[in-house]
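Read the structure below first, then the notes.
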Amino acid sequence: MSILNRFSRLPRLSAFYHKNVSRFCTKTDGPPIPTNALKDTYSANEQSGTGVIYDKKPFRIHLQAGKNYTWCLCGRSRNQPFCDGTHRDIFLKIKLRPIRFIVSETKEYWLCNCKQTSNRPFCDGTHKRPDIQETRT
């Protein structure tokens, strides 16, 4: 007799019943990953470094078309995933600058919170790498 059958009053966890449950969004048949239309306009997109890992999963947010956004690359902003100017603190000595971007249509987007994406500021699944998942935040 299963332990879950003995305690029928306890809420059942769906992860026990589904064999292929993943921790993060791993849909590959969905829409393509968006790109930053301002990528060639601002030189901050050409920075080679990446910021500290803020979170190990992306941030879903509703963005409006045509509006300018500033995504935090250093990972130290208190207004994640957006920049609050923390990188300007002279005592922190942060050389990374935020990424400015706009979106082409109003809808929900996944923004990177691990700050390791190669498609800044949008999540490209880099957070699933074992070295990122094993780090302590």
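- For the atom pair OG1 (T86) and CD (Q80), the distance works out to 8.5 Å, reported to the nearest 0.5 Å.
- Screening residues 88-103 for side-chain hydrogen bond (donor to acceptor under 3.5 Å, both in side chains) gives S43-R97 as the qualifying pairs, with residues at least two apart or on separate chains.
- Annotation: side chain to side chain contact (heavy atoms under 4.5 Å, CB included) contacts of E46 (sequence neighbours excluded): none.
- In terms of the side chain to side chain contact (heavy atoms under 4.5 Å, CB included) criterion, D40 has no residue partners (sequence neighbours excluded).
- F122 meets the ring pair (Phe, Tyr, Trp, His ring centres under 6.0 Å) test with F101, Y109; sequence neighbours excluded.
- Under the 4.5 Å side-chain criterion, counting only non-hydrogen atoms from C-beta, I53 is in contact with Q116.
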Pair up each side-chain donor or acceptor in residues 61-75 with any protein partner under 3.5 Å, not counting sequence neighbours, and list the distances.
{"residue": "Y69", "atom": "OH", "partner": "Q64", "partner atom": "N", "Å": "2.9"}
{"residue": "W71", "atom": "NE1", "partner": "C112", "partner atom": "O", "Å": "3.0"}

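- Proximity of H127 to N113: side-chain heavy atoms (C-beta onward) are nowhere separated by under 4.5 Å.
- Across D131 and T135, no two heavy atoms sit closer than the pair O-CG2, 3.0 Å.
- For the atom pair CG (L111) and OG1 (T117), the distance works out to 10.0 Å, reported to the nearest 0.5 Å.
- Of the inter-residue distances, the one linking N45 atom CG with L38 atom CG reads 8.0 Å to the nearest 0.5 angstrom.
- In this structure, the side chain to side chain contact (heavy atoms under 4.5 Å, CB included) partners of N79, at least two apart in sequence or on a different chain, are S77, F82, D84.
- Residue pairs satisfying the salt bridge (charged side-chain N to carboxylate O under 4.0 Å, His left out) criterion with at least one member in residues 105-122, sequence neighbours excluded, are listed as follows: R60-E108.
- Of the options P58, C114, P34, a side chain to side chain contact (heavy atoms under 4.5 Å, CB included) to C123 is made by P58 and by none of the others.
- Shown here are the side-chain hydrogen bond (donor to acceptor under 3.5 Å, both in side chains) partners of R76, two or more places apart in sequence or in another chain: there are none.
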